[in-house]
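Inspection log for the structure reproduced underneath, given as structure tokens.
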Amino acid sequence: MSSPSPSKEHIATFHTHFGALTFHKKLKALGDNAVMMPVPRKLSASCGTCVKFSLPFDHAWADEDLEAVYLHEEGDYRLLFENEET
């Protein structure tokens with residue numbers, strides 16, 4: 001299932017820095033202008049690094065390092081995906 005808005009900003013958080021690097025690389029290969037950055041204060045993450053991206057989120061991208069994916073809208077974050085495997 002994809003997120004409802006392909007042009008919106010998404011934030012993915014991770015359990016490990018390596019997970020963030022791998023996800024960032026995957027999105028760049030898909031043509032997204034993804035950026036690694038510190039996790040916004042309103043969110044929390046195990047490793048403190050997140051990936052901001054604009055492609056619609058695809059659940060097939062989820063692995064054990066992905067913690068959660070949020071849609072940034074109207075100054076707030078809406079949870080789209082939370083990894084239940086951990």
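Numbering of residues begins at 1 and proceeds along the displayed sequence.
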Taking side chain as C-beta onward, heavy atoms only, is [X] less than 4.5 Å from [Y]?
X	Y	result
Arg78	Leu80	yes
His10	Lys52	no
Pro40	Cys50	yes
Glu64	His15	no
Asp65	Thr22	no

About how many Å separate [atom2] of [Y] and [atom1] of [X], when rounded to the nearest 0.5 Å?
X	Y	atom1	atom2	result
Trp61	Leu66	CH2	CG	10.5 Å
Lys26	Asp58	NZ	CG	9.0 Å
Phe81	Thr13	CZ	OG1	10.0 Å

Q. Which ILVMFWY residues are connected to Val35, directly or by a chain of links, through side-chain heavy atoms under 4.5 Å apart?
A.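 Members other than Val35 - counting any ILVMFWY side chain reachable under 4.5 Å - there are none.
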(Q) My understanding is that a hydrophobic cluster links ILVMFWY residues whose side chain heavy atoms are under 4.5 Å apart, including indirect links. Using that, what else belongs to the cluster containing Val39? (A) Ile11, Met37, Leu43, Tyr70, Tyr77, Leu79
Q: Look at the side chain of Lys42 and the backbone N and O of Gly75, then say whether any donor-acceptor pair between them is shorter than 3.5 Å.
A: yes
Q) Is there a donor-acceptor contact under 3.5 Å from the side chain of Asn83 to the main chain of Asp63? A)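 Here the side-chain-to-backbone pair exists.
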Q: May I ask you to check whether over 12 heavy atoms, not counting those of Asn33, lie within 6.0 Å of atom CG?
A: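 No - once you tally the heavy atoms of other residues, nucleotides and ligands closer than 6.0 Å, there are 12 at most.
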(Q) Can you list everything that forms a side chain to side chain contact (heavy atoms under 4.5 Å, CB included) with Leu21? Sequence neighbours excluded, please. (A)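 Leu21: side chain to side chain contact (heavy atoms under 4.5 Å, CB included) contacts with His17, Met36.
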Q: Mind checking side chain to side chain contact (heavy atoms under 4.5 Å, CB included) for Lys25 and listing every partner two or more places apart, or none if nothing turns up?
A: none
Q: Tell me yes or no: between the side chains of Asp32 and Ser54, is some donor less than 3.5 Å from an acceptor?
A: yes
Q | Phe53 and Phe57 aromatic ring geometry - parallel, tilted or perpendicular at 30°/60° bounds | A |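 Answer is tilted, since the angle falls between 30° and 60°.
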Q: With side-chain contact (heavy atoms from CB on, under 4.5 Å) as the test, would you mind laying out the steps for His72 and Lys8 before giving the verdict?
A: CA-CA 7 Å; His72 187 212; Lys8 299 264 184 162; over 6 Å; no
Q.
Restricting to non-hydrogen atoms, name the atom on Val51 and the atom on Ala34 that form the minimum distance, rounded to 0.1 Å.
A.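 For Val51 versus Ala34, the nearest heavy atoms are CG1-CB, 3.9 Å.
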